[in-house]
Amino acid sequence: MRPYAVFGSLVVLGAILASCGQVQSFETSSRAGSGWRAIGPEGIDVKSLAVSPEFSSDQTLFVGLLGWDLGVFRSTDGGDSWEEVYEGLRGNVDPWVVVSPDYASDRTLLAGKGNGGVFRSTDGGDSWKKV
């Protein structure tokens, strides 16, 4: 798959998620096909979702959350658990986050907000620097 196709898919997915509004916790019934459940803190708006191009093997996702001081969270187990990745980002995100098409080898992410600038991580979100 071309890098532009991956990026385009991520932008569309992020836009869909951003329009979904708040993350809420709930359980679904046991009917067939109803195995979806929302996870995460209630009252927090999901503004962006970035999926590793190698998700099938590394299970890595990032979300940008509005209403949370730290802004970006990472999951390395397909969304079962999340950790804050904010070193260098605190208070500076609105947020949006995107993953490099070569994330498996370069571990590069970009995050930021309108007037707050753009931040880059080259270690999978462990640390960030304004660019």
Side-chain angles (χ1 to χ4, degrees):
M1 183 180 285
R2 293 184 184 182
Y4 297 112
V6 171
F7 179 74
S9 298
L10 293 176
V11 169
V12 170
L13 182 58
I16 292 168
L17 288 173
S19 68
C20 290
Q22 299 180 343
V23 176
Q24 298 180 18
S25 299
F26 63 90
E27 294 294 325
T28 61
S29 70
S30 60
R31 291 181 296 140
S34 62
W36 290 91
R37 66 182 173 91
I39 56 175
E42 292 185 34
I44 305 297
D45 288 338
V46 174
K47 289 299 185 184
S48 64
L49 169 70
V51 180
S52 167
E54 300 296 325
F55 179 79
S56 62
S57 60
D58 67 20
Q59 299 289 291
T60 301
L61 304 162
F62 295 88
V63 293
L65 303 177
L66 182 62
W68 192 272
D69 184 40
L70 306 177
V72 179
F73 282 69
R74 171 179 60 204
S75 173
T76 56
D77 57 12
D80 287 334
S81 63
W82 295 88
E83 65 181 317
E84 304 162 68
V85 288
Y86 62 87
E87 189 62 37
L89 277 179
R90 188 179 294 273
N92 288 307
V93 291
D94 188 7
W96 54 263
V97 60
V98 293
V99 177
S100 163
D102 295 321
Y103 178 79
S105 61
D106 66 19
R107 311 246 318 138
T108 299
L109 305 159
L110 296 172
K113 70 175 187 175
N115 293 335
V118 176
F119 295 79
R120 177 180 20 221
S121 172
T122 56
D123 55 12
D126 290 333
S127 64
W128 299 83
K129 291 185 181 173
K130 192 169 185 177
V131 294

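FYI, side chains are in, hydrogens and waters are out, and symmetry mates aren't considered; it's all heavy atoms of this structure.
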> I need the Asp102 CG to Thr108 OG1 distance, nearest 0.5 Å.
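If I round to the nearest 0.5 Å, the distance is 8.5 Å.
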
> Quick one, Val99 and Pro53 - any side-chain contact, counting heavy atoms below 4.5 Å?
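Yes, their side chains come closer than 4.5 Å.
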
> How long is the span from the CH2 atom in Trp96 to the CZ atom in Phe62, to the nearest 0.5 Å?
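With rounding to 0.5 Å, CH2 (Trp96) is 13.5 Å from CZ (Phe62).
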
> Check the pair Arg120, Lys129 against side-chain contact (heavy atoms from CB on, under 4.5 Å), reporting the backbone distance first and the verdict last.
CA-CA 5 Å; Arg120 177 180 20 221; Lys129 291 185 181 173; 5.9 Å; no

> Indicate yes or no for a side-chain donor-acceptor contact from Asp123 to the backbone of Ser127 under 3.5 Å, with no hydrogens or angles considered.
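At least one qualifying donor-acceptor pair exists.
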
> Please answer whether the main-chain N or O of Val97 pairs with a side-chain N or O of Ser48 as donor and acceptor at a distance below 3.5 Å.
yes

> Return the CG to CH2 distance between Leu110 and Trp128, rounded to the nearest 0.5 Å.
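Spacing of CG (Leu110) from CH2 (Trp128) equals 7.5 Å.
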
> Hey, is the main chain of Leu109 close enough, under 3.5 Å, to the side chain of Ser100 for a donor-acceptor pair?
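No; judged by distance alone, with no hydrogens or angles, the pair does not exist.
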
> Could you state the interatomic distance from CZ (Phe119) to NZ (Lys130), rounded to the nearest 0.5 Å?
5.0 Å

> As an exercise, state the distance from CG of Asp126 to CZ of Arg107, rounded to the nearest 0.5 Å.
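One gets 6.5 Å once the value is rounded to the nearest 0.5 Å.
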
> I'd like to check Glu54 versus Thr60 (side-chain heavy atoms, cut-off strictly below 4.5 Å). Are they in contact?
no

